[in-house]
Amino acid sequence: MPELPEVETTRRGILSVLKNQTITQVVVRDARLRWPVSPDFAQRLTGQRVLDVERRAKYLLITLARGTVIWHLGMSGSLRILAVGTPPQVHDHIDVVLSSGRLLRFNDPRRFGCALWTGDDPMQHDLIAHLGPEPLSEVFDPVYLADQAKGRKVAIKQFIMNASVVVGVGNIYASEALFRAGIRPKRMAGQIKRDEFQRLVRAIKVVLADAIKVGGTTLRDYVNANGTPGYFRQKLFVYERAGEPCRSCKTPIQQVTQGNRSTYYCPQCQQ
DNA sequence: ATGGGCACCTGGCTGC
DNA sequence: TGCAGCCAGGTGCCCA
């Protein structure tokens, strides 16, 4: 699913609805997510006031008066705001019911997502502590990325998808950013030139920011908190466009496999 | 430390 | 029509 723009769009959609509300009930219909939902998950949340909804990488962090909910949407998950009483559909695994009469509903067909409560600093949690910088922050700059890439033989596409290097760049936006930067996805990270890192960092920031503006990219499952899809798909240059003409030079877009994931690029525009 | 490959799971599409 | 095979917005873990 969701890469950073989709998670950020979800965060913005649920923030004002959740903030300052009290959780009156939590219903776990299916606890079999990536990690089983803890038996005390509902009890930890019930009766608590929501103070804030933040994001770190692709994790949503719901700050409660006591503790934090760490929520990940996996490949196919979505969080929606609905009225209490809305009948659950297939794959609707968790409801968080609010005092306002609305509820937060988690749907995840593939169950790669997770939801857990922690009473400690969420930034120190095992899932989060090791993560690299946020791509839209100032610390993510060409000097940082070039330094991280020194001596690395891994392909540049897999390198920018490595959450220890930089977070939030998933399979769609990795291909899109490399196209915009004019860099071949299979080149070794350590061989990328200084000016190319400048273009790449700029491309990552621009493509993510542009996607957030239009609510992210919907390929199959993803919908935002209101149930509407993201519209960035219309602005994709290469992703899922194998064989179609490059929007810039008309050369057919190539598809290759890297790390068991599909990569798309223009053999003319990207060198 | 680094890189590669697999696993987790459901559903939709393709081709025989 | 049926079914096997392949593919899909992620990422932790195991192995060499």
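Quick note on labels: first sequence line is chain A, next is B, and so on, each numbered from 1.
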Q. When all nucleic acid strands are considered with a 4.0 Å heavy-atom cut-off, which category describes A:Asn260: base, sugar-phosphate, or nothing?
A. base
Q) Taking only side-chain nitrogens and oxygens of A:Arg220, does any of them come within less than 4.0 Å of OP1 or OP2 of B:dG12? A) no
Q. Considering every strand shown, what is the Watson-Crick or G-U wobble mate of B:dG4 when both distances are under 3.5 Å?
A. C:dC14
Q. OP1, OP2 of B:dG11 versus side-chain N and O of A:His91: anything below 4.0 Å?
A. yes
Q: Using a 4.5 Å cut-off on heavy atoms from C-beta on, say whether the side chain of A:Tyr265 contacts that of A:Lys186.
A: no
(Q) Would you say A:Arg111 places a side-chain N or O within less than 4.0 Å of OP1 or OP2 belonging to B:dT10? (A) yes
Q.
Counting only side-chain nitrogens and oxygens, does A:Lys153 get under 4.0 Å of the OP1 or OP2 atom of B:dG3?
A. no
Q) Would you call A:Pro2 and A:Lys58 a side-chain contact if the rule is heavy atoms closer than 4.5 Å? A) no
Q. When we call it a touch if two heavy atoms are under 4.0 Å apart, what does A:Gly259 touch: a base, just sugar-phosphate, or nothing?
A. nothing
Q) Does A:Ser262 place a side-chain N or O at less than 4.0 Å from the phosphate oxygens OP1/OP2 of C:dA8? A) yes
Q) Do A:Leu4 and A:Pro135 have side chains that get closer than 4.5 Å, going by heavy atoms? A) yes
Q | pi-stack flag for A:Phe112 and B:dC9, centroid dist under 5.5 Å, interplanar under 30° | A | no
Q. With distance as the sole criterion, do the side chain of A:Arg34 and the base of C:dT11 form a donor-acceptor contact below 3.5 Å?
A. yes
Q) When you check the phosphate oxygens OP1 and OP2 of C:dT11, does a side-chain N or O of A:His72 lie under 4.0 Å from one of them? A) yes
